[in-house]
There are 2 protein chains.
Amino acid sequence: MRSDTERTVRAILEAAERVLSRNPAAGMEQIAEAAGVARTTVHRRFASRDALVDAMAAWATRRFAEAVESAYTTTAPALVTLHQVTASVLRVKIDWGYAMSRTASDPEVARVHAEVRERCDKLFRRARDAGLISADADLDWARRVYYALIHETATGPDQDHDADALATRLVDTLLHGFGD
Amino acid sequence: MRSDTERTVRAILEAAERVLSRNPAAGMEQIAEAAGVARTTVHRRFASRDALVDAMAAWATRRFAEAVESAYTTTAPALVTLHQVTASVLRVKIDWGYAMSRTASDPEVARVHAEVRERCDKLFRRARDAGLISADADLDWARRVYYALIHETATGPDQDHDADALATRLVDTLLHGFGD
DNA sequence: AGAACTTGCAACATTTATGTCGCATGTCAT
DNA sequence: ATGACATGCGACATAAATGTTGCAAGTTCT
């Protein structure tokens, strides 16, 4: 792949994320314009609109997997790992919120998501065994809340804040709520 | 309005909610089919697709406002009110999730949402004054988390559960999280 | 420098959703 | 019963997004 082409592909993917996260019904025209290329160029690189969205999902999923991979450990205390993973995921999801919310037809994407979810469950069980999460907590519900908090944080008005600070607030809320 | 017409309008609104909550990109054809009417009939009742969606939002917003109105009190303890409002809102949002997530162009809809949000803030302040919510909690963040939990609960796999039970779990999570 | 590749542009084809109309048939309300 | 209204159906009109192609001009890489 020529350096030329790679730049264009990246520009299109990033523009598509910007445009579609604001307006999921936007057309190829608007995406092309945001990327600074002609509409035909988008079609040259991505056979169809669906192919483009799938490529976005694949790209975002790769970064997502990397983010989890780099932060996940079984050696550090569960609280530390939870914090690191959260911050790491937030950094990706702030930039690729639309692409990550698409459940692509690509089975590889689905596989990665399932794998991450499995890791999340493992981490939560470890946190429960460490006494961080209450012994009678519903871990399925806990995971759903955790995902919802990540989504809210990543799409909310705090996107310019430090990911570590956001993760601290998120994990604190997850573990203690707003009561005394 | 003839009794005839009213039934049709209702059927269309409910079908549109069912169809669009599954697939926001669905066309008038699919909505009409789900409602058991011809596509032209939908166009007779709603001038355009946008008009239909706006009508859905208006309809759902009315029920939303009623739900809050009927459950909100300033006399009962904050915890009781919080629980009742939550259960009441859940009952509506489970059935009208798509319509409620649309911020309609109708200013009346926006007004109601702003009003409910104001009430939510008042209730949270009352909860804080009562010691239910920690004195140093960020109430803006608390409201965002509360909304996110409602959204997750209403769109998640628990829709057939009892709204009171869901509200209990939701409020408990909001106040105490999953820690010990 | 030169081959291979990429891009923009304009034009065209196709598809799909949307919106409109008239008319025959059926339903409602008084 | 009867006038007024609603519906289904088929046909039509239109607009917009999508996808394709050929070619001239520019870029990359060796």
Side-chain angles (χ1 to χ4, degrees), chain A residues 1-60 97-99 101-106 109, chain B residues 1-60 97-99 101-106 109:
Chain A
M1 200 186 228
R2 237 168 76 170
S3 67
D4 199 348
T5 307
E6 193 173 341
R7 256 201 313 278
T8 301
V9 168
R10 260 189 85 108
I12 292 171
L13 288 174
E14 289 171 2
E17 169 61 36
R18 278 197 307 276
V19 171
L20 294 180
S21 64
R22 279 184 183 278
N23 170 24
M28 302 290 262
E29 185 73 58
Q30 291 165 257
I31 294 170
E33 188 186 349
V37 301
R39 188 174 62 87
T40 46
T41 299
V42 179
H43 276 111
R44 247 190 289 268
R45 294 299 156 205
F46 303 96
S48 70
R49 193 185 199 278
D50 280 349
L52 169 57
V53 173
D54 282 359
M56 290 172 67
W59 172 260
Y98 175 83
S101 67
R102 290 279 116 187
T103 23
S105 46
D106 184 352
V109 168
Chain B
M1 198 185 228
R2 237 166 76 169
S3 66
D4 201 350
T5 308
E6 192 172 342
R7 256 201 315 277
T8 302
V9 168
R10 261 190 85 108
I12 293 172
L13 287 174
E14 289 171 3
E17 168 62 36
R18 279 197 307 275
V19 171
L20 294 181
S21 64
R22 279 184 183 276
N23 169 24
M28 301 291 262
E29 185 75 57
Q30 291 164 259
I31 294 171
E33 189 186 349
V37 300
R39 188 174 62 88
T40 46
T41 299
V42 179
H43 276 110
R44 246 190 290 270
R45 295 298 155 209
F46 303 96
S48 70
R49 193 183 199 279
D50 281 348
L52 170 57
V53 174
D54 283 358
M56 290 171 68
W59 172 261
Y98 175 82
S101 68
R102 289 277 118 189
T103 24
S105 46
D106 185 349
V109 169

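Letters A, B, ... are given to chains in the order of the sequence lines, protein chains preceding strands, and every chain is numbered from 1. Side chains included, hydrogens not; waters and symmetry mates left out as well; all remaining heavy atoms used.
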Looking at every heavy atom in both [X] and [Y], which two are closest together, and how far apart are they?
{"X": "B:A55", "Y": "B:F46", "answer": "CB-CE2, 3.6 Å"}
{"X": "A:V37", "Y": "A:V42", "answer": "CG2-CG2, 3.9 Å"}
{"X": "B:A34", "Y": "B:A15", "answer": "C-CB, 3.7 Å"}
{"X": "A:R102", "Y": "A:A57", "answer": "O-CB, 4.4 Å"}

Starting from [atom2] on [N], measure out to [atom1] on [X] and report it in whole angstrom.
{"X": "B:M28", "N": "C:dT20", "atom1": "CE", "atom2": "C1'", "result": "13 Å"}
{"X": "B:I31", "N": "C:dT18", "atom1": "CD1", "atom2": "C1'", "result": "12 Å"}
{"X": "B:L52", "N": "C:dG19", "atom1": "CG", "atom2": "C1'", "result": "14 Å"}
{"X": "A:E33", "N": "C:dG8", "atom1": "CD", "atom2": "C1'", "result": "15 Å"}
{"X": "B:F46", "N": "D:dA6", "atom1": "CZ", "atom2": "C1'", "result": "14 Å"}
{"X": "A:H43", "N": "C:dT15", "atom1": "NE2", "atom2": "C1'", "result": "13 Å"}

Side chain of [X] - closest among [options]:
{"X": "A:R39", "options": "D:dT20, C:dT7, D:dG8", "result": "D:dT20"}
{"X": "A:T41", "options": "C:dG8, D:dT18, C:dT6", "result": "C:dG8"}
{"X": "B:R45", "options": "D:dA6, D:dT18, C:dT6", "result": "D:dA6"}

Neighbour count >12 (heavy atoms, 6.0 Å) for atom CD, B:E33: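 Atom CD in B:E33 is not packed in, count stays at 12 or less.
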
5' priority, DNA chain D, between B:A38 and A:D50 [closest heavy atom]: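 Mapping each residue to its closest nucleotide by heavy atoms, the 5'-most match is B:A38.
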
Sugar-phosphate only, base, or nothing, as touched by A:R49 at under 4.0 Å among non-hydrogen atoms: sugar-phosphate

Touch class at under 4.0 angstrom, heavy-atom based, for B:T40 against every strand present: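 Touches a base.
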
Any N/O donor-acceptor pair, A:R44 side-chain to C:dG8 base, under 3.5 Å: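 Counting by modelled atom types and ignoring angles, a donor-acceptor contact under 3.5 Å is found here.
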
Distance (rounded to the nearest 0.5 Å) between B:L20 CG and B:M56 CE: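 One gets 5.0 Å once the value is rounded to the nearest 0.5 Å.
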
Per-nucleotide protein contact string for nucleotides 24-30 of chain C (B base, S sugar-phosphate only, - none; heavy atom under 4.0 Å): ---BSS-

Evaluation steps, side chain to side chain contact (heavy atoms under 4.5 Å, CB included), between B:D106 and B:D54: CA-CA 7 Å; B:D106 185 349; B:D54 283 358; 5.5 Å; no

Phosphate contact (C:dT7 OP1 or OP2) by A:T8 side-chain N/O below 4.0 Å: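 Yes, such a contact exists.
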
